[in-house]
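Predicted model only: the values in this text are computed from it and were never measured. Residue numbers begin at 1 in each chain, while the letters A, B, ... track the order of the sequences.
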Amino acid sequence: MPSPSIRGAKLPLSAYRRPNPVERARFFLGKQLVVRSPEGLCSGLITETEAYGGNEDLACHGTGNRRTARTQMLFEPGGRAYVYLCYGIHSMLNFVIGPGDIPLAILIRAVHITAGQDLVKKRRPRAPKKGWTSGPGRICAALAITLADNGCDLTGNRIWVEDIGIRIHSSEITATPRIGVDYAGEWAAKPWRFVWGISKKTGNAIAPTLNCDRGDAP
DNA sequence: CTCTCGATTAGCT
DNA sequence: GCTAATCGAGAGA
């Protein structure tokens, strides 16, 4: 098991105020997501992301300047979490990265747990250990992220992201169309989903440069 | 007010 | 492979 002491520098606000969601979606791969709960810390390396936003992205909740009670967070200046409920059941975690008034966000779709495994086991007792944090809804269940975290300051002490020095080569990233946005017309086809390593069999991330089970994560 | 359906998942056939 | 779960956002009457 990897050491929970692998800690890097908390990403500053400037990491979340960027004009290009595709560039940021790739940037966050290999960064460490950390969540502090009353029961303790959990962390995981981000292995799968999707980019949302840009002028007319029909897959983005804020498309066409659609401001509602739910989407308002997307129009806030970057550096906060946008968490919403999907299918009435699952929470989805996004990082807001726009300058303000422009809805740009990164959906976190999968992580590789690096600390707090016992907490994750407790929260998802019936989940198989493989793939237990692969999927946007599973992440939030594993890390205890709920709708109450909507608007959470990502430079605060509840949810944040660390650079722990992992550098990912372009050849380790697979780009595919985003999942579940078929309604978005031509935007659905854009390769805005990014996976750090990918299994040809399952399509899931395999985090190629890691072997966290032996505790020798970089 | 009513109706539809979703940036999904788990469990069953 | 199929579908129930579960609820609020968003649209339209």
Contacts table for residues 81-99 of chain A: side-chain donor-acceptor under 3.5 angstrom, sequence neighbours left out:
from	atom 1	to	atom 2	distance (Å)
A:Tyr82	OH	A:His61	ND1	2.7
A:Asn94	ND2	A:Tyr82	O	3.3

task: Give the intermediate values and the outcome of side-chain contact (heavy atoms from CB on, under 4.5 Å) for residues A:Ile164 and A:Leu45.
output: CA-CA 9 Å; A:Ile164 62 171; A:Leu45 295 175; 3.6 Å; yes
- prompt: Should A:Thr114 and A:Gln32 be marked as a side-chain contact (heavy atoms from CB on, under 4.5 Å) after you check the CA-CA gap, both sets of side-chain angles, and the distance that decides it?
  reply: CA-CA 8 Å; A:Thr114 50; A:Gln32 181 161 257; 2.7 Å; yes
message: The test is ring-ring contact (aromatic ring centres under 6.0 Å, His included); show your working for A:Phe27 and A:Phe194 and say whether it passes.
response: CA-CA 10 Å; A:Phe27 166 84; A:Phe194 301 96; over 10 Å; no
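Counting heavy atoms from C-beta outward, A:Ile108 and A:Ile139 have side chains that approach closer than 4.5 Å.
For B:dA7, the OP1/OP2 oxygens have no side-chain nitrogen or oxygen of A:Arg193 closer than 4.0 Å. In terms of phosphate contacts, A:Arg109 brings a side-chain nitrogen or oxygen within less than 4.0 Å of OP1 or OP2 of B:dT8.
The side chain to side chain contact (heavy atoms under 4.5 Å, CB included) test with A:Val161 singles out one residue from A:Thr155, A:Leu11, A:Val34, and that residue is A:Leu11.
For the P atom pair drawn from C:dA4 and B:dT4, the interatomic distance equals 16 Å after rounding to whole Å.
When only modelled atom types and interatomic distance are considered, A:Arg66 and A:Thr71 share no side-chain donor-acceptor pair under 3.5 Å. With 3.5 Å as the limit, one finds no donor-acceptor pair spanning the side chains of A:Trp196 and A:Glu48. Counted by atom type alone, A:Thr133 and A:Arg124 present zero donor-acceptor pairs between their side chains at under 3.5 Å.
Taking both residues in full, the closest heavy atoms of A:Ala189 and A:Pro177 are given as O-CG, 3.9 Å, listed atom of the first, atom of the second, then distance.
Note: CD1 (A:Ile179) to P (B:dG6) measures 15 Å, nearest angstrom. When rounded to the nearest whole Å, the span between NE2 of A:His90 and C1' of C:dA5 equals 8 Å. Separating the CD1 atom of A:Ile89 from the P atom of B:dG6 is a distance of 14 Å, rounded to the nearest angstrom. A:Leu107 places its CG atom 14 Å from the C1' atom of B:dG6, with the value rounded to the nearest Å. Spacing between atom CD of A:Glu50 and atom C1' of B:dA7 amounts to 6 Å, rounded to whole angstrom units. Rounded to whole angstrom, the span from the CG atom of A:Leu58 across to the C1' atom of B:dA7 amounts to 14 Å. Here the C1' atom of nucleotide C:dG8 and the CG atom of A:Asn150 are 13 Å apart, to the nearest Å. We find that CG of A:Leu104 is positioned 18 Å from P of B:dA7, with the value rounded to whole Å.
Residues from residues 70-88 of chain A lying near DNA chain C, meaning a heavy-atom separation below 4.0 Å, are A:Arg70, A:Thr71, A:Tyr87, A:Gly88 in numerical order.
With a 3.5 Å limit on both pairing distances and Watson-Crick or G-U wobble geometry required, the stems of 3 or more pairs in DNA chain B span B:1-6 with C:7-12, B:8-12 with C:1-5.
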Polar atoms only, N or O, under 3.5 Å: list the protein pairs with nucleotides 11-13 of chain B and their distances.
from	atom 1	to	atom 2	distance (Å)
B:dG11	OP1	A:Arg126	NE	3.3
B:dG11	OP1	A:Arg126	NH2	3.1

Short heteroatom pairs, N/O only, protein and nucleotides 11-13 of chain C, under 3.5 Å:
none

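A continuous path of Ile, Leu, Val, Met, Phe, Trp and Tyr side chains, each step under 4.5 Å between heavy atoms, connects A:Ile106 with A:Ile145, placing both in one hydrophobic cluster.
For A:His61 against B:dA7, a side-chain N or O and a base N or O form a donor-acceptor pair under 3.5 Å.
Counting only residues at least two apart or on different chains, the ring pair (Phe, Tyr, Trp, His ring centres under 6.0 Å) pairs with a member in residues 162-188 of chain A are A:Trp187-A:Trp192.
The closest donor-acceptor contact from the side chain of A:Arg36 to the backbone of A:Asn157 lies under 3.5 Å. Formation of a donor-acceptor pair under 3.5 Å by the A:Arg178 side chain with backbone atoms of A:Ala188 is not found in this model.
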